[in-house]
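Take a look at the following structure, please.
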Amino acid sequence: MSVDRKIKKAIMEIALNPLLNHRDKNRKRTARNVMELGLSLRVRPMEIQEYDRLYEELLILLLSADKDTILEWMLDHF
């Protein structure tokens, strides 16, 4: 695992906890916040089509996935 990925993982682990605490209340807002976190750590800009696809994927993931699964998903896509 590269140093960049380790740093991203540490930042995401810390930032994801408060974001995922209330995901049952407002899943769409949680998804937007998680996407914003990912975009803030991304080097190159993301195209709108890719953003929309990942947002929809994340909405589904938030229904049943645990924090570690979401973290790995973020590391794969951001």
Side-chain angles (χ1 to χ4, degrees):
M1 184 182 292
S2 70
V3 173
D4 288 344
R5 187 168 170 99
K6 287 180 182 180
I7 292 171
K8 277 185 181 181
K9 183 175 182 178
I11 291 170
M12 286 181 185
E13 281 179 333
I14 293 167
L16 269 180
N17 284 331
L19 291 179
L20 297 178
N21 281 342
H22 303 289
R23 65 177 160 179
D24 296 333
K25 283 186 178 179
N26 195 340
R27 194 169 41 103
K28 289 182 179 182
R29 182 175 182 167
T30 300
R32 283 193 309 268
N33 291 340
V34 170
M35 291 295 292
E36 285 179 16
L37 171 64
L39 290 174
S40 70
L41 297 172
R42 192 177 168 106
V43 175
R44 60 183 174 81
M46 183 180 286
E47 296 202 15
I48 293 172
Q49 295 85 2
E50 184 180 4
Y51 178 91
D52 291 342
R53 181 184 62 79
L54 291 176
Y55 176 79
E56 293 298 324
E57 196 175 308
L58 181 57
L59 280 175
I60 295 167
L61 202 59
L62 287 171
L63 285 173
S64 60
D66 63 347
K67 187 188 93 162
D68 292 332
T69 305
I70 295 171
L71 177 64
E72 287 302 318
W73 179 87
M74 286 188 69
L75 288 170
D76 290 343
H77 295 291
F78 297 103

Can you list everything that forms a side chain to side chain contact (heavy atoms under 4.5 Å, CB included) with Leu59? Sequence neighbours excluded, please.
Arg27, Lys28, Ala31, Tyr55, Glu56
Hydrophobic clustering (ILVMFWY, side-chain heavy atoms < 4.5 Å, transitive) - are Met46 and Ile11 grouped together?
yes
Residue set satisfying salt bridge (Lys or Arg N to Asp or Glu O under 4.0 Å) with Glu13, at least two apart, ordered chain then number -> none
Please report the interatomic distance CG(Leu41) to CE(Met12), rounded to the nearest 0.5 Å.
5.0 Å
Can you name the residues that form a salt bridge (Lys or Arg N to Asp or Glu O under 4.0 Å) with Arg53, not counting sequence neighbours?
Glu57
Tell me the ring-ring contact (aromatic ring centres under 6.0 Å, His included) pairs involving residues 56-78, sequence neighbours left out?
Trp73-His77
Who passes side chain to side chain donor-acceptor pair (under 3.5 Å) against Asp66, sequence neighbours left out?
Thr69
Kindly state each residue pair satisfying salt bridge (charged side-chain N to carboxylate O under 4.0 Å, His left out) with at least one member in residues 38-50, sequence neighbours excluded.
Arg42-Glu50
His22: ring-ring contact (aromatic ring centres under 6.0 Å, His included) partners, not counting sequence neighbours:
none
Are any of the side-chain heavy atoms of Val34 and Thr30 separated by less than 4.5 Å?
yes
Look up atom CG in Asp52 and atom CE in Met35, then write down how far apart they are to the nearest 0.5 Å.
8.5 Å
Closest non-hydrogen atom pair, Ala15 against Pro18
O-CD, 3.4 Å
Enter the distance from Ile70:CD1 to Leu62:CG here, rounded to the nearest 0.5 Å.
4.5 Å
Side chains of Leu75 and Glu72: does their closest heavy-atom pair fall under 4.5 Å?
yes
Among Lys9, Arg5, Lys8, exactly one meets salt bridge (charged side-chain N to carboxylate O under 4.0 Å, His left out) together with Asp76. Which residue is that?
Arg5
Which residues pass the salt bridge (Lys or Arg N to Asp or Glu O under 4.0 Å) test with Asp4, sequence neighbours left out?
none
Look at atom CD1 of Ile48 and say whether more than 12 heavy atoms of other residues, nucleotides or ligands are closer to it than 6.0 Å.
no
Path from Ile60 to Met74 over hydrophobic side-chain contacts below 4.5 Å:
no
Taking side chain to side chain donor-acceptor pair (under 3.5 Å) as the definition, give me every residue that meets it alongside Asn21, ordered by chain and number, with sequence neighbours left out.
none
Look up atom CG in Leu19 and atom NZ in Lys67, then write down how far apart they are to the nearest 0.5 Å.
11.0 Å
